[in-house]
Amino acid sequence: MHFYFNVLNLLTVWVMMAQLQQGVPDEKEKTTALKDLLSRIDLDELMKKDEPPLEFPDTLEGFEYSFNEKGQLRHAKTGEPFVFNYREDLHRWNQKRYEALGEVDATENEPKSFIFMSEDALTNPDKLLVLIHGNGVVRAGQWARRLIINEDLDSGTQIPYIKKATEEGYGVIVLNPNENYIEVEKTKAQVQLSSDSSDEPAEKRERKDKIQKETKKRRDFYEKYRNPQKEKETMQMYIRDNGSPEEHAIYVWDHFISQSAAENVFFVAHSYGGLAFVELMIQRETEVKNKVTAVALTDSVHNVWHQEAGKTIREWMRENCCNWVSSSEPLDTSVESMLPDCPRVSAGTERHELTSWKSFPSIFKFFSEAMEAKNSSVKPAPTRRSNRIKYEEL
């Protein structure tokens, strides 16, 4: 009997091992079959069955959003920022809604900006010139108001550049980076809200309001004679995607320059305009490298360290940019730089606002050399030309 039980036990163990050994290929087959089944399922199609139609408004009002006085997108009813997950567990639908919101046009009441373009700016297949002025009170087409008022239009505006460019077959785009917001008069409710927003005790606020009213009464009495156009309280409404010179440059690149037919794009950027261009490069590096042939900076205030421009950007700038800086040296004389980016040469003037005008002939020569170099696969060398001039003078 003992021997019989042992035989049975051995048989049981043998059967179990056989079953396990047979089960291994079964599991592999099941896994393979499951993978094959999953590979045949179109997850996008499966998600589409449960999602609402991809039909979205074409205005901000339709989305129930608007921009406040700070240029921030907020829900019209709740005042909350934009919510991506409008519908839970419908990522694809939420993404399509997000994309549709980004494509809406400016409404009639929304502040807008503008740029200037030649008729062939987007269709010229050969060359496109982009002009960016500096920061401050200047507007599209101006280099410096001081020069316009005290000297002449040639030195103070971009007109000579535009004329020269059209004569040499360039399309032209003139940016407007300083028009970032409009000022609108505050309503009575907004004025009252701003005055009531203090956390001061009621009694102290009442005394303060009384003093302010008396002061305002005296000021208004005086202003009636001094300034017939009475100033009113205003607030700033920022222009969507154009709230700074950097944003403006990126917006114009995305919607106009990158869409142009020109094989060769050239930039002239003065002062803060140079900083805006470097920021454009940081944000759109590959696109800029593929489309831009040369960049002329005039006394640019950019800083590749502070703006955290990468090594590849710095290398590209060394090969394709030149900065005409204010200097007592003759025009095109090489000037040493502490920054590892584009070469610096003298603009032939020590006045910052005159650098664009004084370097005008050299810049178009630089562009011509860049075109020739690109066609012959040889990079231009403004610093070598500058050194030659300097040595000849010595």
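Computation of the quantities below employed the complete heavy-atom set of this structure, encompassing side-chain atoms and omitting hydrogens, waters and symmetry-equivalent molecules.
A donor-acceptor pair is defined here as one N or O able to donate and one able to accept, closer than 3.5 Å; no such pair exists between the side chain of N242 and the backbone of Y251. S300 contributes no side-chain N or O that, together with a main-chain N or O of L297, makes up a donor-acceptor pair within less than 3.5 Å. Between the side chain of S346 and the main chain of E329, a donor-acceptor pair closer than 3.5 Å is present. A donor-acceptor distance shorter than 3.5 angstrom exists from the side chain of R314 to the backbone of A309, with no hydrogens or angles considered. Using a distance-only test at 3.5 Å, with no hydrogens or angles considered, a donor-acceptor pair links the side chain of S260 to the main chain of I257. Within the 3.5 Å criterion, the main-chain N or O of W305 finds a donor-acceptor partner in the side chain of N303. At least one donor-acceptor pair under 3.5 Å links the side chain of T355 to the backbone N or O of H352. Side chain of K127 to backbone of E263: no donor-acceptor contact under 3.5 angstrom is found. Although no hydrogens or angles enter the test, the distance criterion places a donor-acceptor pair under 3.5 Å between the side chain of R318 and the main chain of P340.
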(request) Output, in order, the C-alpha distance, side-chain angles, deciding distance and verdict of salt bridge (Lys or Arg N to Asp or Glu O under 4.0 Å) for E285 and K289. (result) CA-CA 6 Å; E285 180 178 354; K289 287 180 177 179; 2.6 Å; yes
(request) Could you walk me through whether H248 and N176 pass the side-chain contact (heavy atoms from CB on, under 4.5 Å) test, one step at a time? (result) CA-CA 8 Å; H248 176 77; N176 188 23; 4.1 Å; yes
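Atoms CG and CG, on D241 and D254 in that order, are 9.0 Å from each other to the nearest 0.5 Å. Here the CD1 atom belonging to I115 is positioned 12.0 Å from the CD atom belonging to E179, to the nearest 0.5 angstrom. Atom OG1 of T298 and atom NE2 of H270 lie 5.0 Å apart (nearest 0.5 Å).
The minimum heavy-atom distance linking S271 with G134 is given by the pair CB-CA, 4.1 Å. Residues L331 and S362 come closest through the heavy atom pair CD2-OG, 3.3 Å. The minimum heavy-atom distance between Y161 and L129, with the atom names listed, is O-CD2, 4.1 Å. When all heavy atoms of V301 and Y272 are compared, the pair lying nearest together is CG2-CA, 3.6 Å. Minimum heavy-atom separation, E287 to S258: OE1-CB, 4.1 Å. For E151 against R351, the heavy-atom pair with the smallest separation is OE2-NH1, 2.9 Å.
Under the 30°/60° scheme for interplanar angles, the aromatic rings of F364 and F360 are found to stand perpendicular. In this pair, H91 and F84 present their aromatic rings tilted. The plane angle is within the 30 to 60° band.
Partner of L128 under the side-chain contact (heavy atoms from CB on, under 4.5 Å) criterion, chosen from V265, V172, D120, V292: V265.
Residues K358 and W324 have side chains not in contact (no heavy-atom distance under 4.5 Å, counting atoms from C-beta outward). Between C342 and H302 there is a side-chain heavy-atom pair separated by less than 4.5 Å.
A cation-pi contact, defined as under 6.0 Å to the ring centre and within 45° of the axis, is absent between R74 and Y65.
Between W93 and Y98, the ring centre distance reaches or exceeds 6.0 Å.
No chain of hydrophobic side-chain contacts below 4.5 Å, direct or via other Ile, Leu, Val, Met, Phe, Trp or Tyr residues, connects M317 to V335.
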